[in-house]
Number of protein chains: 2
Amino acid sequence: MQKNNMEEQILLVAKELFMQFGYEGVSTTQVAKAVGCNQALVHYYYRTKQNLFKIICQQEIQKMLKILADIPQEDISFEDFIEKIIEAQIGFLKNNPDAPFFIIGELRHNSEVLKMMKELFSEFGKEIVGKIRLFVQMKQSKGELNDVSVEDLLIDIVSLDVMSFVGQVLFTQILEMDSQTQEAFLERRKTHIKKLILSSIKS
Amino acid sequence: MQKNNMEEQILLVAKELFMQFGYEGVSTTQVAKAVGCNQALVHYYYRTKQNLFKIICQQEIQKMLKILADIPQEDISFEDFIEKIIEAQIGFLKNNPDAPFFIIGELRHNSEVLKMMKELFSEFGKEIVGKIRLFVQMKQSKGELNDVSVEDLLIDIVSLDVMSFVGQVLFTQILEMDSQTQEAFLERRKTHIKKLILSSIKS
DNA sequence: AACCTATTTAATAACTCTATTAAATAACTC
DNA sequence: GAGTTATTTAATAGAGTTATTAAATAGGTT
């Protein structure tokens, strides 16, 4: 391989491996081998495995929460609002298929991930919920929307989006779906989720 | 500890550890220490770590799918039908809080878990979907129900149930919820999920 | 070219991990 | 109680892990 920027290469390759196999599932020796450099170099640039992992976690979790934070602010219908959120989330998941597995898999026992989630959530969490609440209240004041819990709404959308993805991976393996069928499955889920969410809150 | 049945003790303790920390996150030395026996005993009874893990996986995944397979067959309303399924799932998750983290966490890279899911799904999967389809068709023939995709319905319910649980663990840590608040959160989600599911399919 | 600094490697210390072996102990069977 | 089998342990081989060190190499500057 021997790309000129080894520091970045290591981070990139380590990200892929950690995301797929988890913290304990990857050794610095494996990272070095995959990069094509000496194992000591991994430690030269990032000192410890913990530290390398921490940097990667921070980047990835931040990326994920950014998706939620990037709520459309224009004056659109509630239907389009929901659609855009779902679209953004599924889009992100398509580009980062390992993300939910990584987060859920590490969350259960990796205190580093937990701490990071806590930190980044207290940074972005209120902002995200606040933005959506604002939009919902605006629509409510116009009489276009019933009473609705923003927290439940968010949990519902994230739940359905994330698990569509987990399901897709599962079914891909179990039912031997080809990539075309996978794509179709996700598209079907996307419209289904939108319909499901909207059916419960239309005024 | 030194309970008289070491073979069983090892399985029990190993289950707890594997469920929380995953395959790579647990060593046979740790298992032995937690049980209070010699490390070689773990291998005496189960030969390899792989094999021990496999046995535990089989048991746990089977338990999970059983929950889905135990669909109420009595002549009840569709509303009660959905409620019972949700009740059963949330109940199971309360007793096995690590289960979704374990499955999703291992699914991404542990071929053993994947293979097992594949095997057990082809054994129970069709049965489960078939049972629900039968119930749905029965209700449809009576005109009590719209057209509905059984697959989507199942994915929806499982998604919302499982992620309520993942969310609960997350929020417990992030928002420092006490056990009473956790219980309330789950109860609220339970009724919310039921309402959400039903709102989309009532005829 | 000589010097300096940044990058990369080989070697290795100090562990830990899995799995096996042989020996010790406990539990039965006659 | 002697003999047989089952359970449990100590010891250890062999491989792999993280992290450090000193040495080698590459790049840039004067």
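The analysis underlying the following values was restricted to heavy atoms, covering all of them including side chains, and did not include hydrogens, waters or symmetry mates. Throughout, protein chains are lettered first and strands after them, A, B, ... in sequence-line order, and every chain is numbered starting at 1.
- Computed from coordinates, the B:K33 NZ to D:dT9 P distance equals 15 Å when rounded to whole Å.
- In this structure, A:L41 places its CG atom 15 Å from P of D:dA26, rounding to the nearest Å.
- The neighbour count for B:K194 NZ, taken as heavy atoms of other residues, nucleotides or ligands under 6.0 Å away, is above 12.
- Look at B:Y45 and you'll find a side-chain N or O under 4.0 angstrom from OP1 or OP2 of D:dT8.
- Atom CE of A:M6 and atom P of D:dG27 are 12 Å apart (whole Å).
- We find that CD of A:Q9 is positioned 15 Å from P of C:dT7, with the value rounded to whole Å.
- Across all strands shown, C:dT29 forms a Watson-Crick or G-U wobble pair with D:dA2, both key distances being under 3.5 Å.
- Ring geometry, B:F21 versus A:H109: the interplanar angle exceeds 60°, so the pair is classed perpendicular (tilted spans 30 to 60°).
- Taking the six-membered ring for Trp and thresholds of 30 and 60 degrees, B:Y23 and B:F18 have nearly parallel ring planes, at less than 30 degrees apart.
- Atoms CD (A:E24) and P (C:dC15) sit 21 Å apart, rounded to a whole Å.
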Name the pairs: protein N/O against N/O of nucleotides 16-20 of chain D, kept only if under 3.5 Å.
residue : atom : partner : partner atom : Å
D:dT17  : OP1  : A:S27   : OG           : 3.2
D:dT18  : OP1  : A:T28   : N            : 3.4
D:dT18  : OP1  : A:K49   : NZ           : 3.3
D:dT18  : OP2  : A:T28   : N            : 3.0
D:dT18  : OP2  : A:T28   : OG1          : 2.9
D:dA19  : OP2  : A:K49   : N            : 2.8
D:dA19  : N7   : A:Q39   : NE2          : 3.1
D:dA19  : N6   : A:Q39   : OE1          : 3.0

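- Rounded to a whole Å, the CG atom of B:N51 is 16 Å from the C1' atom of C:dT20.
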Next on the checklist: Show, in sequence, the C-alpha distance, side-chain angles and deciding distance for B:Q39 and B:T28, and conclude whether the side-chain hydrogen bond (donor to acceptor under 3.5 Å, both in side chains) test is met.
Outcome noted: CA-CA 6 Å; B:Q39 180 259 344; B:T28 53; 3.3 Å; yes

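- Rounding to whole angstrom units, OH of residue A:Y46 and C1' of C:dT7 are separated by 14 Å.
- B:L160 has its side chain out of reach of B:H192: every pair of non-hydrogen atoms, C-beta onward, lies at least 4.5 Å apart.
- Under the 4.5 Å side-chain criterion, counting only non-hydrogen atoms from C-beta, A:L196 is not in contact with A:I193.
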